[in-house]
Number of protein chains: 2
Amino acid sequence: MDTAFRALAEPRRREILKHVWSYELPASEIAARFGDVTRSAISQHLGVLRDAELITERREGVRRLYRANHHQMELVRRSLEEYWGGSLDRLRSLAESAEREKGNSDG
Amino acid sequence: MDTAFRALAEPRRREILKHVWSYELPASEIAARFGDVTRSAISQHLGVLRDAELITERREGVRRLYRANHHQMELVRRSLEEYWGGSLDRLRSLAESAEREKGNSDG
DNA sequence: GACTTACGTAAGTGTCAACTAACGTTCAGG
DNA sequence: CCTGAACGTTAGTTGACACTTACGTAAGTC
């Protein structure tokens with residue numbers, strides 16, 4: 001879990017995670033979406049995300065398809081909820097109060 | 001928000017955050033709860049947490065009382081929810097499915 | 001004013017992490 | 001077997017960061 005937190009601390013990795021959130025993508029396609037960085041760097045980021053179990057890897061011929069692991073992300077979110085006491089009701093009310101705020105810059 | 005993610009990446013800071021979650025504490029008291037580290041190190045951690053707006057500072061005489069900023073933590077949690085699409089219903093069902101899992105190591 | 005308490009801050013050090021460049025590996029086609 | 005594509009991996013460098021030690025500072029006491 002600690003590994004997951006460190007993995008998410010890097011903005012680039014959060015971005016990658018979003019790219020492979022709803023459907024899987026090959027490493028080359030992911031790297032192509034980042035113009036200011038090498039393919040190698042992305043590969044290393046994918047390694048970190050995989051170690052943190054935030055993404056899963058599937059091999060298809062010479063390519064490797066990556067996809068977000070929603071389950072692990074859920075565990076991370078639950079970890080944050082523990083600060084509030086872990087109550088599901090309390091979570092709901094807090095989410096609702098935040099709904100009225102609507103203030104956000106990063107994702 | 002990016003600052004908040006980096007602040008939370010450090011286990012020690014998450015621990016500090018838990019200590020000042022439900023009531024405020026002076027810096028000395030917080031430092032006293034960590035035997036393997038200097039008071040200075042804790043002070044620096046408090047500075048990082050304050051920059052990330054994850055805690056608030058209140059001065060009382062010579063002491064400085066710290067307390068968790070629940071609002072900012074809520075924003076962080078919301079940032080994670082965005083991955084799922086930000087739906088409140090979907091959030092609830094996911095939290096419930098995770099409830100059946102009950103697998104956790106870190107807090 | 002001198003002293004103590006409760007802090008933050010600056011300087012210096014060791015470690016980790018993000019990056020580039022170069023190399024190794026696996027799979028498919030001719 | 002040779003080539004090329006799509007990857008991961010291994011140096012090696014640079015910057016960030018967590019830490020300790022030493023110092024500075026504001027508030028209270030005498």
Side-chain angles (χ1 to χ4, degrees), chain A residues 1-20 23-69 72 76 106, chain B residues 1-20 23-69 76 106-107:
Chain A
M1 176 57 61
D2 209 72
T3 317
F5 263 109
R6 270 206 306 279
L8 286 172
E10 175 65 36
R12 194 93 66 173
R13 283 195 286 263
R14 292 205 302 275
E15 195 111 359
I16 291 177
L17 205 54
K18 283 199 171 181
H19 279 301
V20 297
Y23 42 82
E24 61 187 2
L25 287 177
S28 59
E29 171 60 26
I30 298 171
R33 301 188 179 190
F34 296 88
D36 59 334
V37 81
T38 330
R39 183 190 57 76
S40 176
I42 298 297
S43 179
Q44 290 173 50
H45 278 313
L46 289 171
V48 173
L49 286 169
R50 193 160 48 91
D51 285 350
E53 297 184 272
L54 284 166
I55 58 174
T56 59
E57 180 189 316
R58 185 173 70 89
R59 311 180 68 141
E60 190 188 68
V62 70
R63 300 189 309 170
R64 308 198 184 185
L65 291 312
Y66 291 97
R67 183 181 2 190
N69 181 6
Q72 185 71 7
V76 172
D106 178 278
Chain B
M1 177 55 61
D2 209 72
T3 317
F5 262 109
R6 269 206 307 278
L8 286 172
E10 175 64 35
R12 192 94 65 176
R13 283 194 286 263
R14 292 204 302 276
E15 195 110 359
I16 290 176
L17 205 54
K18 284 199 169 182
H19 280 301
V20 298
Y23 43 81
E24 61 187 2
L25 286 178
S28 59
E29 171 58 27
I30 298 170
R33 301 189 180 189
F34 295 89
D36 60 334
V37 81
T38 330
R39 181 190 58 75
S40 176
I42 297 298
S43 178
Q44 288 172 50
H45 278 312
L46 289 171
V48 173
L49 285 169
R50 194 159 51 93
D51 284 351
E53 298 184 271
L54 284 167
I55 58 174
T56 59
E57 181 190 314
R58 185 173 73 88
R59 311 180 66 143
E60 191 186 67
V62 70
R63 298 189 310 169
R64 306 199 185 185
L65 290 313
Y66 291 97
R67 183 180 4 190
N69 181 4
V76 172
D106 179 278

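The figures here come from the full heavy-atom set of this structure, side chains too, leaving out hydrogens, waters and symmetry mates. Labels below follow one simple rule: chain letters A, B, ... track the order of the sequence lines, proteins then strands, and each chain is numbered from 1.
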Is the distance from OP1 or OP2 of [N] to the nearest side-chain N or O of [X] less than 4.0 Å?
| X | N | answer |
| --- | --- | --- |
| B/Arg13 | D/dA18 | yes |
| A/His45 | C/dC19 | yes |
| A/Arg12 | C/dA18 | no |
| B/Tyr66 | C/dA6 | no |

Next on the checklist: Let's see if you can work this out: which of C/dA21, C/dT5, D/dA18 has an atom nearest to the side-chain heavy atoms of A/Ser40?
Outcome noted: C/dA21

Separation of [X] atom [atom1] from [N] atom [atom2], in whole Å?
| X | N | atom1 | atom2 | answer |
| --- | --- | --- | --- | --- |
| B/Arg58 | C/dC7 | CZ | P | 12 Å |
| B/Arg64 | C/dT5 | CZ | P | 18 Å |
| A/Ile42 | C/dA21 | CD1 | P | 15 Å |
| B/Glu57 | C/dT9 | CD | C1' | 14 Å |
| A/Arg39 | C/dC19 | CZ | P | 14 Å |
| B/Glu60 | C/dT5 | CD | C1' | 15 Å |
| B/Leu8 | D/dC17 | CG | C1' | 16 Å |
| B/Leu46 | D/dC19 | CG | C1' | 15 Å |

Checklist entry - Starting at the 5' end of DNA chain C and moving along, which residue's nearest nucleotide shows up first, A/Ala41 or A/Arg6? => result A/Arg6

Determine the contact category for [X]: base if any of its heavy atoms lies under 4.0 Å from a base atom, sugar-phosphate if only primed atoms, P, OP1 or OP2 are that close, otherwise nothing.
| X | answer |
| --- | --- |
| B/Arg59 | nothing |
| B/Arg50 | nothing |
| B/Gln44 | base |

Checklist entry - Can you list, by residue number, the residues of residues 26-38 of chain B that have a non-hydrogen atom closer than 4.0 angstrom to DNA chain C? => result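 Output list: B/Pro26, B/Ala27, B/Ser28.
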
Item to check | Check ion pair B/Arg58-B/Glu60 (N to O, under 4.0 angstrom) | outcome: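 Salt bridge flag = yes for B/Glu60 with B/Arg58.
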
Does a side-chain heavy-atom distance below 4.5 Å link [X] with [Y]?
| X | Y | result |
| --- | --- | --- |
| A/Arg13 | A/Val48 | yes |
| A/Leu65 | A/Leu25 | no |
| B/Leu49 | B/Tyr66 | no |

Checklist entry - Can you name the one residue among A/Arg59, A/Arg64, A/Arg67, A/Arg63 that meets salt bridge (charged side-chain N to carboxylate O under 4.0 Å, His left out) with A/Glu24? => result A/Arg67

Item to check | Derivation and outcome, salt bridge (Lys or Arg N to Asp or Glu O under 4.0 Å), residues A/Arg33 and A/Glu29 | outcome: CA-CA 7 Å; A/Arg33 301 188 179 190; A/Glu29 171 60 26; 2.8 Å; yes

Checklist entry - B/Asn69 side chain to B/Thr56 main-chain N or O, any donor-acceptor pair under 3.5 Å? => result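 No: the side chain of B/Asn69 does not pair with the backbone of B/Thr56.
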
Checklist entry - To the nearest 0.5 Å, how far apart are CZ in B/Arg12 and CD in B/Gln44? => result 12.0 Å

Next on the checklist: Looking at A/Ser43 and D/dT9, is any side-chain donor or acceptor paired with a base atom of the opposite kind under 3.5 Å?
Outcome noted: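 Answer no: no donor N or O sits under 3.5 Å from an acceptor.
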
Next on the checklist: At less than 3.5 Å, do the side-chain atoms of B/Arg63 and the base atoms of D/dG28 form a donor-acceptor pair?
Outcome noted: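 Checked by distance alone, the answer is no.
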
